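Computed from a predicted model, the values in this text were never measured in an experiment.
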Amino acid sequence: MGLPAKRLLFIAGLIVVAAGLALLYKFNPVETPLVPKCMFKSLTGLSCSGCGMQRFLHAFMHGRFMEAISYNYMLVILIPYIILFGIEKLLLTGETQKRWKKVIEGRNMAICLCIVAPGWFIIRNILHI
């Protein structure tokens, strides 16, 4: 019996993410001109909520955790969330998956993320971090 189409699509997405992470591991975004730069920052001069993500991931994968955190503090919150989301989608089934989904994809989490992302955008640009 084959996997449902949604699960296959999710797995395909994970493969694309893994390939991107492998490239970020190999090439330092600070030193490589081929890595895309933030269009929002290029146009406005302001750092978006995701600015520094590539540098964060490169430093993090090389074990330079404090350096990684300095590039984007919000990823300290988002990476565990993304891991929990992946666990819910790939490993859990039945009632356990429904309970996790209610929390991870629920209204309260959406409201929290809708407050945290713009809040981080404002704070990082006021404090220039």
Side-chain angles (χ1 to χ4, degrees):
M1 178 179 237
L3 290 172
K6 284 185 179 181
R7 188 160 281 196
L8 284 175
L9 188 59
F10 188 78
I11 292 171
L14 284 178
I15 292 169
V16 169
V17 168
L21 288 174
L23 288 172
L24 270 177
Y25 183 84
K26 176 115 174 103
F27 300 104
N28 186 343
V30 174
E31 300 168 355
T32 306
L34 299 175
V35 176
K37 305 299 180 215
C38 179
M39 290 180 66
F40 183 80
K41 186 166 186 159
S42 297
L43 292 171
T44 66
L46 298 172
S47 296
C48 73
S49 296
C51 277
M53 186 181 307
Q54 295 168 343
R55 292 172 290 155
F56 175 98
L57 290 170
H58 179 78
F60 189 85
M61 290 187 292
H62 285 275
R64 299 188 312 265
F65 303 117
M66 296 312 291
E67 177 186 342
I69 290 169
S70 73
Y71 288 128
N72 192 329
Y73 298 109
M74 189 168 143
L75 291 173
V76 173
I77 296 168
L78 278 182
I79 287 178
Y81 173 75
I82 291 167
I83 291 169
L84 290 174
F85 187 80
I87 290 170
E88 182 256 318
K89 290 291 182 195
L90 291 175
L91 302 178
L92 302 178
T93 58
E95 284 302 313
T96 305
Q97 185 180 33
K98 287 178 185 177
R99 283 194 306 270
W100 276 52
K101 183 174 183 160
K102 187 176 180 180
V103 173
I104 294 170
E105 299 178 45
R107 183 174 188 265
N108 291 338
M109 185 61 74
I111 290 169
C112 181
L113 292 173
C114 286
I115 292 169
V116 169
W120 172 236
F121 169 78
I122 292 166
I123 290 168
R124 81 180 311 184
N125 284 294
I126 288 173
L127 299 177
H128 302 288
I129 51 176

Discussion item. Quick test of your reading: applying salt bridge (charged side-chain N to carboxylate O under 4.0 Å, His left out), list the pairs with at least one residue in residues 74-91, sequence neighbours left out, ordered by first then second residue.
Written reply: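 Every pair satisfying salt bridge (charged side-chain N to carboxylate O under 4.0 Å, His left out) with a residue in residues 74-91: Lys89-Glu105.
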
Discussion item. Please list all pairs meeting salt bridge (charged side-chain N to carboxylate O under 4.0 Å, His left out) that have one or both residues in residues 72-81, counting only residues at least two apart or in different chains.
Written reply: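 Qualifying pairs: none.
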
Under the rule for side-chain hydrogen bond (donor to acceptor under 3.5 Å, both in side chains), what residues qualify as partners of [X], not counting sequence neighbours?
| X | answer |
| --- | --- |
| Trp100 | none |
| Gln97 | none |
| Ser47 | Lys41 |

Worksheet item: Under the salt bridge (charged side-chain N to carboxylate O under 4.0 Å, His left out) test, which residues partner Glu95, sequence neighbours left out?
Response: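 Counting only residues at least two positions away or on another chain, Glu95 forms a salt bridge (charged side-chain N to carboxylate O under 4.0 Å, His left out) with Lys98.
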
Discussion item. Going by salt bridge (charged side-chain N to carboxylate O under 4.0 Å, His left out), name the residues that satisfy it together with Arg64, two or more places apart in sequence or in a different chain.
Written reply: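 In terms of salt bridge (charged side-chain N to carboxylate O under 4.0 Å, His left out), with neighbours along the sequence ignored, Arg64 is linked to Glu67.
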
Side chain proximity check, [X] to [Y], heavy atoms < 4.5 angstrom:
| X | Y | answer |
| --- | --- | --- |
| Leu23 | Lys26 | no |
| Leu90 | Ile11 | yes |
| Leu78 | Leu113 | yes |
| Ile104 | Met109 | no |
| Val103 | Leu84 | no |
| Cys38 | Met53 | no |
| Leu92 | Lys101 | no |

Worksheet item: In this structure, are over 12 heavy atoms from other groups packed under 6.0 Å from Phe60 atom CZ?
Response: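 No, the 6.0 Å shell around CZ holds no more than 12 heavy atoms from other groups.
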
Worksheet item: Would you find more than 12 non-hydrogen atoms of other residues, nucleotides or ligands less than 6.0 Å from Lys37 atom NZ?
Response: yes

Fill in: Pairwise ring-ring contact (aromatic ring centres under 6.0 Å, His included) hits with a residue in residues 109-129, at least two apart
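The answer is Phe40-Phe121, Tyr73-Trp120.
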
Do the side chains of [X] and [Y] join up, straight or via other hydrophobic residues, at under 4.5 Å, putting them in one cluster?
| X | Y | answer |
| --- | --- | --- |
| Leu127 | Ile122 | yes |
| Tyr25 | Ile15 | yes |
| Phe27 | Tyr71 | no |

Taking only residues two or more places apart in sequence, or in another chain, which ones meet [X] in a side chain to side chain contact (heavy atoms under 4.5 Å, CB included)?
| X | result |
| --- | --- |
| Val17 | Leu21 |
| Ala117 | Ser49, Met74 |
| Ile79 | Phe56, Leu57, Leu75, Ile83 |
| Ile111 | Arg107, Ile115 |

Fill in: Val35 versus Gln54, closest heavy-atom pair with distance
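Nearest pair, atom of Val35 first, then Gln54: CG1-OE1, 2.9 Å.
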
Worksheet item: From Asn72 CG over to Ile129 CD1, what is the distance, rounded to the nearest 0.5 angstrom?
Response: 9.5 Å

